[in-house]
Amino acid sequence: MNSANRSAAPAAPTGVAIALGGSGGSGVMTAGTLLLAAAAKAGAYGLMVRTSGPQIRGGEAAALVRLADRPVDTLGDAFDLLLAIDWSNINRFADEVPLTASSVLVGDPDEGEPPDIFKATGARYVPLQMKKMAKAIAGSWVNMVALGFAGALAGLPQEALEAAVREDWKRGEAALAANLAALAAGFAAERGITPPIAVPQVPHDERAKTRWSITGNEAAGFGAIRGGVRFVAAYPITPATELLEWMAPALAKVGGTLLQAEDELASINMIIGGSFGGVPSLTATAGPGLALMAEGIGLAVASETPVVIVDVMRGGPSTGIPAKTEQSDLSFAVSGLHGDAPRLVLSPTSISDCATTTQWAVYLAEKLQAPAIVLSDQFLGQSRAVIDPPADTGLRAQRLKVEANAAGYKRYRDTESGISPMAIPGTPGVTYTADGLEHTEAAVPSSNARDHRLQLDKRERKLTQFDYGDAWADIEGDGDAAVITFGSTSAAVREAIARARADGMNVRLIAMRLLAPAQPEKLARALEGVRHVMVVEQNHGAQFLRYLRGHFDLPARPASYHRPGPLPLRPGEVHKAIADWRSAA
């Protein structure tokens with residue numbers, strides 16, 4: 001996490017954007033992943049976004065890759081290269097793979113012509129007989145030809161591409177040799193194109209250390225384990241399932257356990273039970289599952305049992321768009337429980353930050369004996385990035401526990417901090433009633449007005465009085481105008497502000513990481529000197545703007561730029577929105 005002490009705003013990254021497309025089974029996802037791995041070995045950074053048709057499995061697919069000279073967590077405005085192994089329904093990705101007149105289309109002429117929707121952009125078409133090249137090398141695959149060609153265009157060393165293939169290879173040596181030959185053929189083919197293809201190349205430093213290649217889901221799992229989680233119960237759901245698949249073997253290595261529950265209701269109740277027994281516990285889900293967990297999360301609030309719920313948001317409502325991104329669970333996360341139920345809500349601002357924020361969520365849940373909801377989303381969760389290893393904040397699960405035979409023990413004693421010691425079941429001399437009913441300080445069920453008010457105040461006070469430090473937000477730049485955002489949109493906003501700064505507009509970025517409890521005093525300090533505010537988010541109803549207006553005093557009347565998924569926000573559209581907003585101010 002970057003300190004919320006105001007820091008200089010970074011410049012926009014430079015590099016190349018490549019889309020690899022093809023029908024299901026053509027290997028484009030493998031080629032994209034290996035291209036990203038090769039970039040890491042060459043000392044570059046990168047991002048790969050997976051996309052598929054509505055059928056999720058099978059059918060058309062594309063790997064959207066952006067390679068750059070610094071960490072990237074957003075796609076650019078257009079692609080420099082679209083390389084299609086075949087054209088089967090690739091036209092469905094026209095909105096996701098925008099091209100310009102300076103872009104290049106590469107395809108196999110034996111697979112037909114590029115769709116008119118791509119040719120209409122004015123992009124140059126270059127035929128490349130990839131399948132014939134692969135057939136000429138017995139035992140090789142066409143996606144390795146595509147990988148070599150794309151890597152050469154990006155300016156990556158052939159050695160880095162070969163190293164990425166060798167490291168990932170799980171088959172025999174003969175097949176490896178054949179496919180390295182196919183890669184070399186594709187790499188050499190780039191030099192034979194006349195006239196040469198001119199696309200940007202990725203700046204890289206071969207002396208740089210190898211970086212991590214990780215998805216947001218994997219990073220969240222890593223952060224959870226680093227923070228102390230040792231029990232996970234969850235039901236698979238897109239797009240959170242990979243987090244669970246990654247954690248299952250990782251937990252086993254540290255003595256933890258993952259249990260697949262029969263549904264989301266069982267999941268939340270299982271982790272409440274695990275935590276009640278003294279083990280830091282977590283579940284992961286998406287919007288439909290979060291809705292089913294509402295009553296269980298309320299039980300965690302009332303019983304002051306720490307749990308972490310990672311919600312990898314997707315398009316909604318109902319089943320919605322399972323494999324696409326949207327920030328539309330925000331309102332439910334911050335206010336969706338029945339009764340007055342204060343909870344922690346955090347949102348990572350990048351793929352790397354998924355690790356740091358989830359680690360922080362574990363610490364806060366345990367420290368404050370409260371449920372913590374981590375709002376990731378499909379874009380963060382399922383995208384893969386080359387990152388520097390996330391720094392270890394040193395935060396670990398630290399729960400206040402009572403000693404055995406403590407005299408006069410009261411589980412819900414009204415302390416100054418609002419935090420009272422927990423008794424782990426089996427601890428001698430400190431038994432108490434544990435359920436979801438309102439209670440006295442001694443945990444005896446009560447409908448007394450005084451008891452209810454006292455416990456409501458206690459549960460609220462422990463969250464609002466706690467010092468969250470500077471990690472609540474990233475604040476960059478200066479000026480009398482500020483853009484406030486959260487979650488995955490932070491990267492697009494950051495890059496848009498860098499472009500606005502190049503245009504002479506001085507705009508401040510406030511990317512909030514801690515969404516609840518609200519931090520009005522901290523935001524007021526972050527907005528000192530600001531006269532104009534824009535709120536940027538990815539949902540249909542401007543949920544973040546409405547939340548901010550309900551909890552904070554914002555300067556003047558804030559502007560809003562919001563739209564729903566499934567397409568992620570891009571820097572260009574946010575840049576235009578900022579420019580239009582500033583010119584109208």
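Classification of Glu242 and Arg50 as a salt-bridged pair holds, one side-chain N sitting under 4.0 Å from a carboxylate O. Between Glu416 and Arg461 there is no salt bridge, since no side-chain N of the basic residue sits under 4.0 Å from a carboxylate O of the acidic one. Ion pair Glu304/Arg343 not flagged as a salt bridge, since none of the NZ, NE, NH1 or NH2 atoms sits closer than 4.0 Å to an Asp/Glu carboxylate oxygen. The pair Glu326-Arg314 does not meet the salt-bridge criterion, since no charged nitrogen lies less than 4.0 angstrom from a carboxylate oxygen.
Ring geometry, Phe544 versus Phe486: the interplanar angle falls from 30° to 60°, so the pair is classed tilted.
No donor-acceptor distance shorter than 3.5 angstrom exists from the side chain of Tyr468 to the backbone of Pro517, with no hydrogens or angles considered.
In this view, Phe379 satisfies the ring-ring contact (aromatic ring centres under 6.0 Å, His included) rule with no residue, not counting sequence neighbours. Judged as a salt bridge (Lys or Arg N to Asp or Glu O under 4.0 Å), and not counting sequence neighbours, Asp435 has no contacts. For Arg396, the salt bridge (Lys or Arg N to Asp or Glu O under 4.0 Å) criterion is met by Asp392, not counting sequence neighbours. Applying the ring-ring contact (aromatic ring centres under 6.0 Å, His included) test to Phe231 and every residue at least two apart in sequence or in another chain returns nothing. For His532, there are no ring-ring contact (aromatic ring centres under 6.0 Å, His included) partners at least two apart in sequence or on another chain.
Applying the salt bridge (Lys or Arg N to Asp or Glu O under 4.0 Å) definition to pairs two or more places apart or across chains, those involving residues 438-448 are Glu438-Arg459.
Ser420 pairs with exactly one of Gln369, Lys458, Lys462 by the side chain to side chain donor-acceptor pair (under 3.5 Å) rule, that one being Lys458. Under the salt bridge (Lys or Arg N to Asp or Glu O under 4.0 Å) rule, Glu366 has a single partner from Arg230, Lys401, Arg399, which is Arg399.
Put simply, the side chain of Tyr412 reaches to within 4.5 Å of the side chain of Tyr432, judged on heavy atoms. Contact annotation: the side chain of Phe332 never approaches that of Asp311 to less than 4.5 Å [non-hydrogen atoms, C-beta and beyond].
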